[in-house]
Each structure stands twice: as C-alpha cells, then as structure tokens.
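Only one structure is covered here, and it is reproduced in the block below.
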Amino acid sequence: QVQLVESGGGLVQAGGSLRLSCALAGQTFSSYAVGWFRQAPGKEREFVVAISTSGRTTAYSDSVKGRFIISGDNARNTVYLQMSTLKPEDTAVYYCAARIATYYSAYYREKDEYNYWGQGTQVTVDS
C-alpha cells in the first residue's frame with residue numbers, strides 16, 4: 001500500500017517562502033514519478049510541478065516557474081517543494097501525487113495520470 005503524506009503548509013506573507021514535504025510510506029521513491037498539484041476554492045485541481053524517477057527531469061507550470069523548486073531525497077523517501085516569492089494567488093491546498101514511471105526520465109502533468117495522492121496541505125499567502 002502506497003501512502004503519501006504532505007507537510008509544511010501554513011500561513012505566510014506575500015513575498016515569503018515555504019517548503020512542502022511529501023513523504024512516501026510503504027515504497028521507495030526510486031520507482032515513482034512525483035507531481036505537485038494545487039486546488040484553490042471553487043477551482044479545479046491544477047498542475048504545479050513534476051519530477052521524474054531519476055530526479056533529473058522536471059517540469060513547472062508557467063505560474064510558478066522561477067519561484068518554486070522541486071527536489072527529491074531518495075534516502076529519506078521524500079520529495080520537497082521549495083516555494084519562494086509567494087503570491088496571494090498561490091493560496092490553495094497542495095497535493096502530492098505519485099505513480100510508477102514507465103521510464104526513468106518520465107514526468108507527468110495530468111492529474112489523471114497519477115495513481116496515488118496525499119491528503120493535501122493548506123498554503124495561505126496573505127497580502
């Protein structure tokens with residue numbers, strides 16, 4: 001059974017930073033591609049960033065490019081999302097997702113491509 005547990009959300013002032021963590025229980029991240037998505041009230045869940053199994057390939061949405069960085073620590077079975085220069089429009093529940101990758105450098109942008117999801121962590125950016 002694969003379980004993803006997010007942490008690190010909270011309230012921050014605009015321009016501030018937060019680091020989210022996604023811990024994988026029951027498996028090792030070495031076989032999984034991981035993505036972060038977010039969902040604001042009244043809106044659909046949207047893609048934020050993804051990382052391949054190898055960790056060498058990443059993809060970012062235009063709205064966070066240059067401000068967010070995804071990284072992985074296989075030894076800790078954890079993927080991190082470092083968020084900087086936060087804006088009020090970044091306010092949302094952030095979800096970590098994972099799936100078995102079809103090849104080592106694959107990453108996935110669509111939420112329907114993921115099999116496993118965490119419970120979400122709230123990020124609120126106050127203007």
Side-chain angles (χ1 to χ4, degrees):
Q1 184 72 15
V2 175
Q3 288 187 318
L4 302 174
V5 180
E6 301 104 331
S7 61
L11 174 64
V12 64
Q13 294 292 315
S17 299
L18 281 175
R19 189 178 77 161
L20 305 184
S21 299
C22 173
L24 176 65
Q27 299 288 336
T28 60
F29 261 134
S30 59
S31 299
Y32 289 82
V34 175
W36 284 94
F37 291 76
R38 66 186 182 186
Q39 188 166 17
K43 295 188 176 182
E44 290 196 2
R45 192 170 299 189
E46 65 174 4
F47 169 76
V48 177
V49 61
I51 189 168
S52 65
T53 300
S54 68
R56 297 192 184 96
T57 309
T58 57
Y60 293 85
S61 69
D62 289 342
S63 61
V64 307
K65 198 174 296 183
R67 300 187 297 121
F68 290 12
I69 299 174
I70 189 171
S71 61
D73 185 342
N74 281 343
R76 296 178 182 269
N77 256 5
T78 300
V79 171
Y80 301 100
L81 180 62
Q82 179 66 47
M83 306 186 296
S84 304
T85 320
L86 283 161
K87 305 175 182 179
E89 51 263 43
D90 293 319
T91 295
V93 178
Y94 283 71
Y95 297 90
C96 171
R99 60 160 287 163
I100 296 287
T102 54
Y103 54 97
Y104 209 44
S105 60
Y107 59 85
Y108 305 89
R109 291 176 175 265
E110 302 297 327
K111 54 184 182 292
D112 292 342
E113 295 181 292
Y114 288 89
N115 306 111
Y116 306 103
W117 291 84
Q119 82 286 355
T121 185
Q122 176 71 47
V123 171
T124 303
V125 184
D126 190 357
S127 58

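Excluded from the calculations below are hydrogen atoms, water molecules and symmetry mates; all remaining heavy atoms, backbone and side chain alike, are included. Here the structure is a predicted model, which is why all the values come from computation and not from measurement.
- Nearest heavy atom pair, residue Tyr94 against residue Leu20, reads CB-CD1, 3.6 Å.
- Nearest heavy-atom pair across Ser127 and Pro88 is CB-CG, 3.7 Å.
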### Task
Begin with the C-alpha distance, continue with both residues' side-chain angles, and end with the deciding distance and a verdict on side chain to side chain contact (heavy atoms under 4.5 Å, CB included) for Phe68 and Asp90.
CA-CA 11 Å; Phe68 290 12; Asp90 293 319; 4.0 Å; yes
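- Evaluation of the salt bridge (Lys or Arg N to Asp or Glu O under 4.0 Å) test over residues 17-27, restricted to residues two or more places apart or in two chains, returns none.
- Residue Gln82 comes nearest to Ser17 through the heavy atom pair NE2-CB, 4.0 Å, listed as atom of the first residue, atom of the second, then distance.
- Interatomic distance, Arg67 CZ to Ser84 OG, rounded to the nearest 0.5 Å: 9.0 Å.
- Scored by the side chain to side chain contact (heavy atoms under 4.5 Å, CB included) test, Ser61 finds Phe47, Ser63, Val64 as partners (sequence neighbours excluded).
- Atoms OG and CG, from Ser21 and Asp73 in turn, are 10.0 Å apart once rounded to the nearest 0.5 Å.
- For Thr124, the side-chain hydrogen bond (donor to acceptor under 3.5 Å, both in side chains) partners two or more places apart in sequence, or in a different chain, are Gln122.
- Glu46 meets the side chain to side chain contact (heavy atoms under 4.5 Å, CB included) test with Arg38; sequence neighbours excluded.
- Pairs of residues two or more places apart, or lying in two chains, that qualify as ring-ring contact (aromatic ring centres under 6.0 Å, His included) and include a residue from residues 107-127 are Phe37-Tyr114, Phe37-Trp117.
- Taking hydrophobic clusters as Ile, Leu, Val, Met, Phe, Trp and Tyr residues chained together by side-chain heavy-atom distances below 4.5 Å, Val2 shares a cluster with Val34.
- Hydrophobic cluster membership differs between Tyr95 and Val48, with clusters built from Ile, Leu, Val, Met, Phe, Trp and Tyr side chains linked at under 4.5 angstrom.
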### Query
Yes or no on side chain to side chain contact (heavy atoms under 4.5 Å, CB included) for Ile100 and Asn115, after CA distance, side-chain angles and deciding distance?
CA-CA 8 Å; Ile100 296 287; Asn115 306 111; 5.6 Å; no
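- Screening residues 101-127 for salt bridge (Lys or Arg N to Asp or Glu O under 4.0 Å), with sequence neighbours left out, gives no hits.
- What you find for Ala33 and Ala106 is that their closest heavy atoms are CB-O, 3.8 Å.
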### Query
Can Tyr104 and Thr57 be said to form a side chain to side chain contact (heavy atoms under 4.5 Å, CB included), step by step?
CA-CA 9 Å; Tyr104 209 44; Thr57 309; over 6 Å; no
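- A donor-acceptor pair under 3.5 Å is absent between the side-chain atoms of Glu6 and the main chain of Thr121, judged by distance alone.
- Closest of all the heavy-atom pairs between Arg76 and Thr78 is O-OG1, 2.9 Å.
- Listed by chain and residue number, Gln1, Ala25 satisfy the side chain to side chain contact (heavy atoms under 4.5 Å, CB included) test with Gln3 (two or more places apart in sequence, or in another chain).
- Screening residues 62-94 for disulfide bond (SG atoms under 2.5 Å apart), with sequence neighbours left out, gives no hits.
- No path of Ile, Leu, Val, Met, Phe, Trp and Tyr side chains, each step under 4.5 Å between heavy atoms, connects Trp36 with Val93, placing them in separate hydrophobic clusters.
- Atom CG of Leu81 and atom SG of Cys96 lie 9.5 Å apart (nearest 0.5 Å).
- Remark: Gln39 pairs with Arg45 by the side-chain hydrogen bond (donor to acceptor under 3.5 Å, both in side chains) rule, at least two apart or across chains.
- Under the ring pair (Phe, Tyr, Trp, His ring centres under 6.0 Å) criterion, Tyr80 pairs with no residue at all, not counting sequence neighbours.
- Not counting sequence neighbours, the partners of Val12 by the side chain to side chain contact (heavy atoms under 4.5 Å, CB included) test are Leu18, Leu86, Val125.
- For the atom pair OG1 of Thr53 and CZ of Arg99, the computed distance is 9.0 Å after rounding to the nearest 0.5 Å.
- Minimum heavy-atom separation, Val123 to Met83: CG2-CE, 3.8 Å.
- Partners of Lys65 according to the side-chain hydrogen bond (donor to acceptor under 3.5 Å, both in side chains) rule, which considers only residues two or more places apart in sequence or in another chain, are Asp62.
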